[in-house]
Every structure is written in structure tokens, then in C-alpha cells.
Amino acid sequence: QVQLVESGGGPVQAGGSQRLSCVASGSIFHLNVMAWFRQAPVKKREWVAAAFTSRSTTYVDSVKGRFTISRDNAKNSVYMQMNDLKPEDTAVYFCHVQLILMGEGSRSRNFWGQGTQVTVSS
């Protein structure tokens, strides 16, 4: 089984930076997509960034040029550097990983981190 542990986040002033980290552990055979989502109060969960096996990345338009997602397959980890933070970035950020467990062939499964709060003040 797999567990995702997130770290980072916390309060920050507008224009500041934060770095989020997510480490997966368990019987992992192969990591597919690793991504970050966020959910602000009274809003739906929003996809933010994704990093593929090839290490290519993609982002939601609102964070392009400010956020950078990266992954370290050897450490089963995914990170997100967030620069020039804005009040509208305030949300709970969730790590999401699509992977294949040992012994399950090509069957992909999805796992979520517990979430970490990022609060950006003006």
C-alpha cells in the first residue's frame, strides 16, 4: 500500500515564496503522473500542475511563470516551488500521484496526500 506525506506551506506575504514537498512510500512499482491540486474555502478542487514520467510539466494558466513542479523518481517525491504568491493562491494544496503497485501489472491507482495549508496575506 502507499502513503503520501506532504510538507511545506504555511503563512506568507504577497510576493513571497513557498516550496511544497510530497514523498510517497510503499510497494510502488512505477510512478505515472505526479501532480498538485488545491482547494480554496467554498470552492471546488482545482488542478494546478503535473509532472509526467518523461519529466515534462504542465500548469494551469493562473500559475504559469510563478510555480514550478519537479519530481525525483529515485526518492518517490514531487515538489512545487511557488514564487510571487498572490492572495488568490490561498488554499489547501494536495499532492496527487498516479502509480502502479508491485504485483498489479499495468493497473494504475490514484493516491492523495493529506493536504497542506498555504495562506497568502496582502
Side-chain angles (χ1 to χ4, degrees):
Q1 199 55 39
V2 174
Q3 183 175 21
L4 304 183
V5 179
E6 299 178 6
S7 62
V12 63
Q13 293 185 335
S17 300
Q18 291 260 349
R19 185 172 189 265
L20 305 181
S21 176
C22 175
V23 181
S25 62
S27 54
I28 302 168
F29 173 68
H30 179 72
L31 293 166
N32 294 133
V33 181
M34 302 185 81
W36 289 95
F37 288 74
R38 66 186 179 187
Q39 186 167 12
V42 198
K43 291 186 178 180
K44 294 182 178 179
R45 183 180 62 189
E46 172 191 34
W47 167 78
V48 179
F52 302 94
T53 303
S54 63
R55 296 188 187 278
S56 62
T57 59
T58 186
Y59 305 85
V60 66
D61 287 344
S62 62
V63 308
K64 288 182 178 178
R66 299 189 297 119
F67 291 11
T68 302
I69 186 172
S70 61
R71 59 189 285 169
D72 186 335
N73 292 333
K75 297 180 179 179
N76 291 333
S77 303
V78 62
Y79 311 91
M80 188 161 70
Q81 178 67 41
M82 305 183 293
N83 298 326
D84 191 24
L85 285 162
K86 304 175 180 180
E88 50 263 45
D89 292 319
T90 295
V92 175
Y93 285 72
F94 297 91
C95 171
H96 173 258
V97 176
Q98 181 187 73
L99 53 76
I100 299 172
L101 294 173
M102 293 288 289
E104 294 195 346
S106 61
R107 189 199 193 289
S108 294
R109 290 180 180 271
N110 295 285
F111 294 90
W112 294 89
Q114 79 282 3
T116 183
Q117 178 72 48
V118 173
T119 302
V120 185
S121 60
S122 300

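Hydrogens, waters and symmetry mates play no part in the numbers below; they use all other heavy atoms, side chains included.
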Engineer: For residues Arg109 and Arg107, report the shortest heavy-atom separation together with the two atoms involved.
Structural biologist: CG-NH1, 3.2 Å
Engineer: Counting C-beta onward and ignoring hydrogens, is there a side-chain heavy-atom pair between Glu88 and Val120 closer than 4.5 Å?
Structural biologist: no
Engineer: Measure the shortest side-chain to side-chain distance between Asn76 and Arg71 over non-hydrogen atoms and say whether it is less than 4.5 angstrom.
Structural biologist: no
Engineer: Examine the side chains of Asn83 and Ser17 and answer whether a donor and an acceptor come within less than 3.5 Å of each other.
Structural biologist: yes
Engineer: Measure across Val78 and Cys95 and return the closest heavy-atom pair with its distance rounded to 0.1 Å.
Structural biologist: CG1-SG, 3.6 Å
Engineer: Does Gln39, at its CD atom, have more than 12 non-hydrogen atoms belonging to other residues, nucleotides or ligands within less than 6.0 Å?
Structural biologist: yes
Engineer: Do Val118 and Tyr59 share a hydrophobic cluster (ILVMFWY, side-chain heavy atoms under 4.5 Å, transitive)?
Structural biologist: yes
Engineer: In sequence, state the C-alpha distance, the side-chain angles, and the governing distance for Trp112 and Val97, and then conclude on side-chain contact (heavy atoms from CB on, under 4.5 Å).
Structural biologist: CA-CA 7 Å; Trp112 294 89; Val97 176; over 6 Å; no
Engineer: Donor-acceptor check, side chain of Glu6 to backbone of Ser21, threshold 3.5 angstrom: yes or no?
Structural biologist: no
Engineer: For Ser122 and Pro87, which heavy atoms make the closest approach, and how far apart are they?
Structural biologist: OG-CG, 3.4 Å
Engineer: If only atom types and distance count, is the side chain of Arg66 paired as donor or acceptor with the main-chain N or O of Ser62 below 3.5 Å?
Structural biologist: yes
Engineer: Report yes if some heavy atom in the side chain of Val60 is under 4.5 Å from a heavy atom in the side chain of Glu46; otherwise report no.
Structural biologist: yes
Engineer: Is there a path of hydrophobic side-chain contacts, each under 4.5 Å between heavy atoms, that joins Leu101 and Leu4?
Structural biologist: yes
Engineer: Would you indicate whether the side-chain heavy atoms of Cys22 and Trp36 approach each other to under 4.5 Å?
Structural biologist: yes
Engineer: So, taking the atom named OG1 in Thr53 and the one named CE in Met34, what distance separates them when rounded to the nearest 0.5 Å?
Structural biologist: 9.5 Å
Engineer: Find the distance between CD (Gln81) and CD1 (Ile69) and round it off to the nearest 0.5 Å.
Structural biologist: 12.5 Å
Engineer: Determine whether Val92 and Thr116 satisfy the following criterion, side-chain contact (heavy atoms from CB on, under 4.5 Å), listing intermediate values before the conclusion.
Structural biologist: CA-CA 5 Å; Val92 175; Thr116 183; 6.0 Å; no
Engineer: Is Val12 reachable from Tyr79 through a run of I, L, V, M, F, W or Y residues, each pair having side-chain heavy atoms under 4.5 Å apart?
Structural biologist: no
Engineer: Hey, are Lys64 and Asp61 close enough for a salt bridge, meaning a charged N less than 4.0 Å from a carboxylate O?
Structural biologist: yes
Engineer: I want to check a possible cation-pi pair here: Arg38 against Tyr93, using under 6.0 Å from ring centre and within 45° of the ring axis as the test.
Structural biologist: no
Engineer: Report whether Trp47 and Val63 are members of the same hydrophobic cluster (ILVMFWY, side-chain heavy atoms less than 4.5 Å apart, transitive linking).
Structural biologist: yes
Engineer: Looking at every heavy atom in both Gly113 and Phe94, which two are closest together, and how far apart are they?
Structural biologist: O-CD2, 3.7 Å
Engineer: Could you work out, with salt bridge (charged side-chain N to carboxylate O under 4.0 Å, His left out) as the rule, every residue matching Arg19, not counting sequence neighbours?
Structural biologist: none
Engineer: Whether the side chain of Ser77 engages the backbone of Lys75 through a donor-acceptor N/O pair (distance < 3.5 Å, no angle test) should be reported.
Structural biologist: yes
Engineer: Do we see a donor-acceptor contact under 3.5 Å between the side chains of Gln117 and Thr119?
Structural biologist: yes
Engineer: Which value, rounded to the nearest 0.5 Å, describes the distance between Met80 atom CE and Phe67 atom CZ?
Structural biologist: 5.5 Å
Engineer: Distance-only check: which donor-acceptor pairs under 3.5 Å involve side-chain atoms of residues 23-32, not counting sequence neighbours?
Structural biologist:
from	atom 1	to	atom 2	distance (Å)
Ser27	OG	Gln1	N	3.3
His30	NE2	Asn32	ND2	3.2
Asn32	OD1	Ser108	OG	3.1

